[in-house]
Amino acid sequence: MKHVDEFRDPALGQALAGEILGLVEPGRHYKFMEVCGGHTHSIYKFGIDDLLPANVELVHGPGCPVCVIPMGRVDDAIALAHEDNVIFTCFGDMLRVPGSDGSLLDAKAEGADIRMVYSPLDALRIAKANPDRDVIFMAIGFETTAPSTALTLKRAKMEGVGNFFCMCNHVTIVPPLRALLDSPDLRLDGFIGPGHVSTVVGVRPFEFIPAEYGKPIAVAGFEPLDVLHAIHMILTQLKEGRCEVENQYARVVPYEGNPRALQVLSEVFELRPHFEWRGMGFISQSGLKLSKAYADLDAEIRYAVPGVRVADPKACQCGEVLKGVIKPWECKVFGSGCTPERPIGTCMVSSEGACAAYYNYGRFAREREVV
Amino acid sequence: MSRMIANAASAFAPSAPVCDHTTSCITCGDVAVPMNVMRLDDERGLALCADDDGNSETVETDLVAPVAPGDRLLVHAGTAIAMLSEEGPV
């Protein structure tokens, strides 16, 4: 038996689901948000919500970095990719995100030199192999991914690679959570906290959620029993009248996170005054840009980008989905005008987007029985 | 609007291997992969690591240094973000 099987054991899952059933108060509706797109993916892939009582509702949060990129930033990326003598590099999912006039994949088809990479280090390799061209890496992701970009920028400086630049779209997790908690149209009872973000930032940054908003949170791993265990922890807190941050994922997440990673982040990046999130508008101090010490590697300084704000398509309700106000299937274009093959909104592009995850795994089992 | 949909519709699945909607995207999904250190390049702070399926990758080890062959690391986007203490899932 592989060790991973222990975290996917159906009998243990059923037992945990039975205990969860015993923790809920009949007549009370519980609404928990899984912050991370990885959890959304696990919940649909393993059918976790089918194991929960009908009055426990999981809503999907803004934790997919591709999904929160606004159209204007995609347009900026395409403009950079069309610059003369530029090789533009990005992660795979970004290629398909629609801007106001096509995607990066469309730009590639039109002749722009756009290459998919698996890591910033891959982009740096391309820069070294093409010293006569500028190589731009489009950095996206939360605090899990930002250290990887930061280390690569440090390496580029250290090795004197003068043709490597970064278009930084890194975002931080706490400001959007605060924005959600301040939102009047969303009433949540607790949070399933992001696992791998917490590997970097630790558990401490989430202490404001119980302290200031009175909501419990459990930082969770990504196996089905991890998610069920986190829900069990949150419900136990509510039943016992406790409200705190718990670390379900202690086998990987240290309370203090990774201090070295935090040090590197503070050295290479600084907070933008504000950054636009798809469907959520501008959120203060929620995005990162290159610090002054690394400004010479900033693609947005080397090249002018349009920087035009583009409204989301009217038919698309990604904003409401990202805030957990509506379920994916409640969007007007879900599964008809907007599919993973032909996405209109970002939530349908990334595999961790709530709409794509639901489209792939959950749409056949919408009507579920009460457990 | 119709132009926007038409443009979105032209996004097709590329032939290159990408993380698409049927698989899990390492970056978007906050996914990290456990890998074992095979060989070190101490001078450059890099390590050749292999996952449980035998796929190998060059990994930045600065955030978890020092590492030694045989160590098990949690790797995200080419960077080790945590040292794992035992064999198992993440």
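To find a chain, count down the sequence lines: A is the first, B the second, and so on, and within it residues start at 1. Worth saying up front: this structure is predicted, and the values here are computed from it rather than measured. Note that these values count all heavy atoms, side chains included, but never hydrogens, waters or copies made by symmetry.
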For residues 116-126 of chain A, which residue pairs qualify under salt bridge (Lys or Arg N to Asp or Glu O under 4.0 Å), counting only residues two or more places apart or in two chains?
-> D122(A)-R125(A)

Okay, side chain of R44(B), backbone of R155(A): is any donor-acceptor separation there less than 3.5 Å?
-> no

Shortest non-hydrogen contact from T58(B) to L121(A)?
-> O-CD2, 4.2 Å

Got a second to check how far N258(A)'s CG is from T79(B)'s OG1, nearest 0.5 Å?
-> 11.0 Å

Measure the spacing between OG of S119(A) and CD of E60(B) and express it to the nearest 0.5 Å.
-> 8.5 Å

Look at the side chain of D62(B) and the backbone N and O of L151(A), then say whether any donor-acceptor pair between them is shorter than 3.5 Å.
-> no

Considering non-hydrogen atoms only, spot the tightest contact between H76(B) and T144(A) and give its length.
-> CD2-O, 3.4 Å

Portion of Q263(A) that has a non-hydrogen atom of chain B nearer than 4.5 angstrom | neither

If you look at every heavy atom in P147(A) and L63(B), which pair is closest and at what distance?
-> CB-CD1, 3.6 Å

Identify the heavy atoms of A77(B) and S148(A) that sit nearest to each other, and give their distance.
-> O-OG, 2.7 Å

